[in-house]
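Below, chains carry the letters A, B, ... as their sequence lines are ordered, and counting in each starts from 1.
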Amino acid sequence: MADETPPMEQDRSLFEAPPMGEQERMVEAILFASAEPVTVAELAARMPHGSDPAEALVHLRKRYEGRGVRVQKVGDAWAIRTAPDLGFLMQKETMETRKLSRAAIETLAIVAYHQPVTRAEIEEIRGVSVSRGTVDQLLELEWIRFGRRRMTPGRPVTFVVTQGFLDHFGLESARDLPGLKELRAAGLLDNRPPPGAGLEGEDDDEAGDAGQSELFED
Amino acid sequence: MADETPPMEQDRSLFEAPPMGEQERMVEAILFASAEPVTVAELAARMPHGSDPAEALVHLRKRYEGRGVRVQKVGDAWAIRTAPDLGFLMQKETMETRKLSRAAIETLAIVAYHQPVTRAEIEEIRGVSVSRGTVDQLLELEWIRFGRRRMTPGRPVTFVVTQGFLDHFGLESARDLPGLKELRAAGLLDNRPPPGAGLEGEDDDEAGDAGQSELFED
Amino acid sequence: MTDDDFQQDALSVSERLAAEALIVDVDGYEGPLDLLLTLARTQKVDLRKVSVLGLAEQYLAFVDKARHLRLELAADYLVMAAWLAFLKSRLLLPPDPSEDGPSGEELAAHLAFQLERLQAMRDVAARLMGRDQLGRDFFVRGIPEDVARTRRVSYTATLMDLMQAYARIRTRDEFRPFVMDRDAVMTLEQALDRMRGLIGYAGDWTELASYIPEGWEIDPARRRSATAATFAATLQLAKEGQIDMRQGETFAPIQIRKRPHGR
């Protein structure tokens, strides 16, 4: 076998093909990591010279019999797939993820930084009105919830962020959100002249509900 | 083989949890299907009522020992990853990773070994200020995130490493960082304030963030 | 003889090059601590046994050489030099019991600790980067399963998105001219712009109050501001000779009209 080896092959191929157990491991790893089903020819091209991926596949296929996943032929290629009887477990995997809209993410950011905050205050900070859909979406995602009513005329409801929000963003508490100064230090803000008077001033009229604003004094 | 079982699934879960062999298959299927690590809680939520994914994981992990892929712990989650010794087969899958600067690598190591750590502490250890881009890059890679605020004057935010960091470097937890024990034993992870840092007191444990930067500022 | 001369020259040239190389390398150091660590390594001893006094002398000699070659050193290098000179004197002189503050030994021990710690972090950083890495040595599932049975949409956002959104809102605010921060204020410029546009239609005497823009006449604060601004604007236009103004008596309505030969 070694006689026929082209002179340019790797050193490894000058010796002999790896043992079948090793070849089986290789096929397993390649099938697992490949983004598409892999043909026997492709397997052979990627494995050390002299390997026999077809035989390794037979062993591997047998090894996965009755397991939670199985080695399956797709056209003339091979892939690892979930056992059909376990398909019901995959329902969560079918979720389609989409980015939040800019309006939603800005509203969420304001709730997180200024909670408890009323809709009117959100609108004041964003400078545009907040559509019902945006708030509904954040409520539905369970990232914000209703807080206490504000003891001001009209007794408006306030919004606060939820534990689910903290979990999603990997925060231990909303107080750990970085302040302006830290955002700037992390390069998330352009280096602009320091703010003379930030939003705190506008919101401070209700001392009891000042919330987190004290965190952002630069 | 069990192609016709799905309708039975629901009924069965009303009575008892599936046998452990079945649970192992389920965990196997879920972990195979997901590119991201899956927590035990997520596994439990997706498996029939009464399942014990933690125990199933012990069996599954053992089953994959020495195989082409392995069951790996990542923080409090689990994932299947190819065996590192087979990386040479995977040139096709290799992603072009952004080359990290020396400053970024050192900053990452300091966050990992000293976490939770403030920016001032990072600067104290490196002896130079940390540029905006460095922290920004590590945040963007999702290798570090903001941790709890330090309850010291100024309440600075801290940085900690993420699950993504553990996953990337194949670590079960931050406790498994190479050389961590030796560093700790040598006292090199202590927060040791410079002598005479504060005139107020010599209580070494309550190290402020003033740090050695004063050395360079006089 | 000539050979000797030649050799001497060659030697001094290479010496000079070596010295310059050393200095030019200052740019390659990440601050004085990095430079000190490099110098400490040339002592070829365990970092825990490094001679801080010797290190201080090495550093001072280095800075001296840089000065000699008229190379500019960043301020923090010079600050460190001053501090090390101070440390050196503390280490050499017998301790003065009347003096406050840490002893030279304490300061030296802390510097040694810093150097050892920095070196340790560099070592573990190298070990960390030497580990098998995801996407390079080991790999995730290439075909994450997606059995399209129940399709649910889940919205996602990262912490970066959140912080960038907040930063965006906040910077927008920082940049708003401060007069705009109070929407109950009309500026002279606004009023002037408005009046210039309207004055062409004022052939007859009209009351100044009728020029208050819509939406400004109800809220008292807004009305006050708009009146003041509009009045100031008419004074300006009168001064420019574009309008005439009159007032029947004190507190009577002010009236204006376009000057017939104006413009």
Describe, in one word, how the ring planes of A:His114 and C:Tyr166 are oriented to each other, choosing from parallel (under 30°), tilted (30 to 60°) and perpendicular (over 60°). tilted
To the nearest 0.5 Å, atom CD1 of A:Ile110 lies from atom CG of C:Leu162 at 10.5 Å
Smallest heavy-atom separation, C:Arg141 atom then A:Leu31 atom, equals NH1-O, 3.9 Å
Contacts of C:Asp161 that satisfy salt bridge (Lys or Arg N to Asp or Glu O under 4.0 Å) - sequence neighbours left out: A:Lys99
Answer yes or no: are there more than 12 heavy-atom neighbours, outside C:Glu106 itself, under 6.0 Å from its atom CD? yes
Take atom CD in A:Glu142; do more than 12 heavy atoms of anything else shown fall under 6.0 Å from it? no
Is the shortest heavy-atom distance from the side chain of C:Met163 to the side chain of A:Phe169 under 4.5 Å? no
May I ask you to test the A:Ile105-C:Arg168 pair for a side-chain heavy-atom distance under 4.5 Å? yes
Kindly give the heavy-atom pair with the smallest separation between C:Phe139 and A:Phe32, and that separation in Å. O-CE2, 3.5 Å
Is it the backbone or the side chain of A:Glu140 that comes under 4.5 Å from a heavy atom of chain C, or both, or neither? neither
